[in-house]
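Please read the structure below before turning to the comments.
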Amino acid sequence: MEFDFTPVITYFPTLLQGLGVGLLVALVVAFMSIVGGLLVAVISVYVNKVVSWPLRFFIWLFMTTPLLLQLYFLYFGLGEWILIPAILVGILGLGFHYMAYNADIFIATIKAVSGGQYEASRSLGFGHIATIFYIIVPQALIRSIPQLGNNMILMVKDTSVLSAIGVAELVYASQYAISVTFRPFEFFIVIAVMYYVVNIFMELGQAWLERMTAYRR
Amino acid sequence: MDFNLMVEISPLLIKAAWITIDISVRSLFFGFFVACGLVFLQSFRFAPIRWFARGYISVIRGTPYFVQLLLVFYGGPSIGFRLDPITCGVFVGAFNIGAYMSEAIRGSIESVDSGQAEAARSLGFGRAQTLVSIVLPQAAALMIRSVGVLAIVVVKNSSLVSIISVVELTYQAQRLIGSTYKPLEIFTLTALIYIIIVYAVMGIIELAYRRAMRYTTL
Amino acid sequence: RDLNEIRDDVLQVVNSGAYPPFSFVDTQGNLVGFDVDIAEALAEKMGVKVNVQSSPWNGIIAAMVGGRFDACICSMSDTEERRQAVTFTDSYYSAGLAVWVQDSTNDVNSMDDFAGKRVGSTLGETGNQWAVENADGNWSNQTFQGLPDMMNGLTTGRIDIMIADDVPVMVAIRENDTKIKMIDVGDLPRFPAAISIQKNQPELLAALNVALAEIKADGTYQAIVDKWIGEGANIE
Amino acid sequence: MSTENQTDTPDTPMVEIRDVYKRFGDLEVLKGINLTVNRGKIISIIGPSGSGKSTLLRSVNHLEVIEKGSIFLEGVQVNRPDLKGLAFERHINHIRQNMGMVFQHFNLFPHLSTIDNVTLAPRKLKGMEAKAAREWGMELLNRVGLAEKADVFPNWLSGGQKQRVAIARALAMKPKVMLFDEATSALDPELVEEVNLVMRSLAEEHMTMLIVTHEMGFARDVSDWAMFMDGGVVVEECAPQKLFSNPDQERTRNFLKKHLQG
Amino acid sequence: MSTENQTDTPDTPMVEIRDVYKRFGDLEVLKGINLTVNRGKIISIIGPSGSGKSTLLRSVNHLEVIEKGSIFLEGVQVNRPDLKGLAFERHINHIRQNMGMVFQHFNLFPHLSTIDNVTLAPRKLKGMEAKAAREWGMELLNRVGLAEKADVFPNWLSGGQKQRVAIARALAMKPKVMLFDEATSALDPELVEEVNLVMRSLAEEHMTMLIVTHEMGFARDVSDWAMFMDGGVVVEECAPQKLFSNPDQERTRNFLKKHLQG
Ligand SMILES: Nc1ncnc2c1ncn2[C@@H]1O[C@H](COP(=O)(O)OP(=O)(O)OP(=O)(O)O)[C@@H](O)[C@H]1O
Ligand SMILES: Nc1ncnc2c1ncn2[C@@H]1O[C@H](COP(=O)(O)OP(=O)(O)OP(=O)(O)O)[C@@H](O)[C@H]1O
Ligand SMILES: [Mg+2]
Ligand SMILES: [Mg+2]
């Protein structure tokens, strides 16, 4: 098999655009899954079972089934009642999926913040909620950075699944180009490199964050 | 909901589920050895061997799984590396999850307080003995937990193996939707099967976890 | 693999398995359809054993280029660009793009009426390429992974207009009583559907072309058309 | 601010502990404790491990909920069984702002710099402006001799420095009473003195203090009153000079003998 | 057993530390330490935090690799630069079996019961039979007064009990010398005495011991020789009676004054 990368050059702008869409989705999903995961974790740790159990179940559903299936379900399965735009389906699916994983991490790190921290804050006169907000959550966030970083790196690659419901991200762009040019391997190699570059930047970012917060642990 | 259809096609989905299970179990099994190998390589004093292991882990974790599948399955034959689809799914799956698993194993070993190893060494235990008698028993519980999470990832990732023409659960579901035009019924059924599989995996993890706790008390 | 190797082994044929009536699984789980029967008929004429498998569309191209399969009998359209990468046989049926809307839609009568509409096509197929190249900002394109997904999209209102090959849609409407209709908007490209094989396989190409001519000549071909497309249909 | 706050007359005791009982499951930890602490007085509580000293101190701050009895801060009941839910939450937060508590393990907030540790409460609870808070924080850090560590994070401080910051933090809300629970027992012996110095300076300014400690010398020097607890009851309480030289009770003598020996 | 082991003549010193240097990065921690410990003698090492006491003790057990100098156990060099890889590994494991080390934070194996903590090393390293090992383990636990805790897990023990188990564990290999690194400084004051008692009983049996401690009273009572370190050098060494009452050096006096005060 001989390689010919000229078609890749023709479609490079399309690929870059796809990469941009993927990263944009990733950004929204990162925000949603971290904020949402934190909320779920706080509720599961501090609020009674009646409230937290249904929430955990909902989250659990997203943890146990493949992402692709979830996207199809939201997109086509629910299509008989409600039409959610593809990109929103992608964001919701990915968002809930990773919200579940992040919540798991946050629950562990919240529990790892020592009871002494809670008591010290209460003894200063902070209320329950203020203590969670000012003392527990910031410390849990800092401790979560390593695992959170791993999850987000996985998540960026998972944006590729969104091509299945027609979101024009990187893999989608490459599929289109491949179907026109019939040069699959050239495109696969190029998008693998693109993902890897993004991955390297994310790893650097994670290492930087860990360094910046190391003395706050 | 068309329940007749659901009953009619469920044997097909269950058959496909077996392929999902088969690929997942074998990927995990071989992946574990890949992971141990990677952990071992990273303990070498000779730096290039460590770099090789780090680089491998970085590239595998940094590129999408389905691209790895496509490159090995469809690109492989042109360099004389030809595997049948399921074997290829297991092969790529094992080498993929091995990279993640090696990190989980390393992390759980490192989580054991270094004072434990020092205490053992000060009693005269050698490196290997310290690892086996002191560190691993204490790391086992955490290791089972983190490897267990990866087991679930493997089951779910197996849906991507369809791209190399393996008719596993998700692809079978997609094909059946193609001929029946009944997405809701088929997705519900498929999701249910996945939930059962994953639930079983979680049960096994829990069992192993309890076992490990018992073993650690010798 | 050249023809001799195939004769010693089996002819490996691939299709997408999700493109009724050309290739799909029945409720017993068997891979069936027009493309499957054509593959078997051709193999019989060529005197080789055949193994028909399915793979998602985005894997098929890699499969063909990478040499995993000997032939893709998968309703693939023969285009100039694709010929750079693979070789096509003579056409085995002719697919024409057509435009479809919901039964209740009345405001789409020509290409001008596409303006501002959401137009669906299947990712990687010629209809998608046509829609992308002609949109020019007038309409928005939305894609799906397969025809069933797309028809679902049209009936549920995700898209206003669907561009797809005419034959499979007509069969699907007939089988499922779907509430959509074809409209005539003037000239749309027609592409011959052909079997693709790897480049530089002259013997295999020749053998396939001969076999194709034979089944057309002896009525086998029409029998398959009758069975899957409709009694007496003409799709050549 | 609630009206109960107005009972601040000169002759109200600062802290009153009346017949307090507390159990953990089957274990009775406090069995009827009584103690009155007047304004500006310093009380040391000593006793063997497990005698209930920490539990008593924590009950004063309502970190433990007592079963029976009552605790008052300047005549205001701390454990108000009549208040429920949010009303109690408001009440207790207000009470706690008037008590500074210092823990054995410091419990500094690791994610905040030294000055932020000190000023978080006045900023968030009293709405103090950032600038004023910083000035106030610096004043307090100065007082514990750590002004130059204002922007350092707790992990970079030695144990003694940590505990001094913890004291500054507790002082930041201008508490009326300070509670110390073995403030120096997690410290290396060399670092104990620097914390004791800060506590002595508080004593000189007539801060009301309740001190649980294992350091008999310090307890004798600094306090106005000393109390020996064992098994959840007060065995003996008197002036520290007497307690540490010539206690009435056999149990006290036994306990202190062992210590003076070590 | 290697041949070097045969140099066991009555007048060989048990431990010899000769001109030992150690640095961590830029920080020189040990700057030429010399010390000879004769059989059956007890040496206390005191000094301020960071002076290098722990590093010295850990170097004796080769938990830290020294840069310069040499350390001998009964005439056998511990840090043998001539041995590499597996050969050194074998050598050091054998050396370490002859030294018992007790850490500040106990480092008991949480996954093993008390008796298994004690008998793991004789079973795995000397191939002792399970039954014999249990008897031997019970004998040791008896000796530290914890026979009844044999089948309990470390997490259920108090700090003092943990440390006593750690001592029993270190004794299980019948070491020729015991190294104690602040064995009591993580303990609550009441629990210190029970560990000190065990150490005293070892002293009475003429176990050779190297003790790093912050407890001046104990060091004075129990040891035959005392050494004061500061900044990685030995400032002064002499009989403990002299060091703790009338040291020669200004630095020693300053350090001890502060202590006798607290
Ligand atoms: N949260 C709790 N649950 C159960 N038992 C507890 C709890 N807190 C304390 N106890 C028990 O109550 C008793 C008294 O504990 P407390 O901490 O008040 O003693 P103390 O006098 O402060 O001892 P120390 O000097 O060791 O700090 C102990 O037996 C302890 O085990
Ligand atoms: N692994 C290490 N890496 C870098 N620096 C170290 C390491 N171990 C010890 N140090 C430094 O070496 C110096 C001496 O440490 P050491 O633990 O020997 O002191 P010490 O006399 O035992 O003090 P302490 O009484 O606090 O235990 C300290 O400044 C310490 O910070
Ligand atoms: Mg206490
Ligand atoms: Mg030390």
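Convention: sequence-line order gives letters A, B, ...; per-chain numbering from 1.
Considering only heavy-atom pairs separated by less than 4.5 Å from chain A, the leading option among D/Ile95, D/Leu125, D/Asn155, D/Leu108 is D/Leu125. Of the listed residues A/Leu124, A/Ile142, A/Thr213, A/Val113, the one with more heavy-atom pairs under 4.5 angstrom with chain D than any other is A/Leu124.
D/Arg96 contributes no side-chain N or O that, together with a main-chain N or O of A/Gly125, makes up a donor-acceptor pair within less than 3.5 Å. With D/Glu89 contributing its side chain and A/Gly127 its backbone, the two residues share no donor-acceptor pair below 3.5 Å.
The parts of D/Arg169 that come within reach of chain A are both its backbone and its side chain, each placing non-hydrogen atoms under 4.5 angstrom from that chain. Residue contact with chain A, scored on non-hydrogen atoms closer than 4.5 Å, involves the backbone and the side chain of D/Phe109 alike. The contact between D/Leu120 and chain A is made by backbone and side chain atoms together, counting heavy-atom distances below 4.5 Å. Residue D/Met173 touches chain A through its side chain alone, counting heavy-atom pairs closer than 4.5 Å.
Within a 6.0 Å radius of OH in A/Tyr46, other residues, nucleotides and ligands contribute more than 12 heavy atoms. For NZ of A/Lys111, the number of neighbouring non-hydrogen atoms (other residues, nucleotides, ligands) closer than 6.0 Å is 12 at most. Surrounding CD of A/Glu210 are more than 12 heavy atoms belonging to other residues, nucleotides or ligands, all under 6.0 Å away. Counting non-hydrogen atoms of neighbouring residues, nucleotides and ligands closer than 6.0 angstrom, the CD atom of A/Gln206 exceeds 12 such neighbours. No more than 12 heavy atoms of other residues, nucleotides or ligands sit less than 6.0 Å from atom CD1 of A/Ile129. When the shell of 6.0 Å around NZ of D/Lys41 is examined, it contains 12 or fewer heavy atoms from other residues, nucleotides or ligands. D/Leu86 CG: 12 or fewer foreign heavy atoms inside a 6.0 Å radius.
Closest approach of A/Gly116 and D/Asn107 over heavy atoms only: O-ND2, 3.2 Å.
Rounded to the nearest 0.5 angstrom, A/Ser123 OG and D/Asn93 CG are separated by 11.0 Å. If you take CZ on A/Phe133 and NZ on D/Lys124, they are separated by 7.5 Å, rounding to the nearest 0.5 Å. One distance of note links NE2 of D/His62 with CZ of A/Arg122; it measures 9.0 Å at 0.5 Å rounding. A distance of 13.0 Å separates NE2 of D/His111 from OH of A/Tyr215, quoted to the nearest 0.5 Å.
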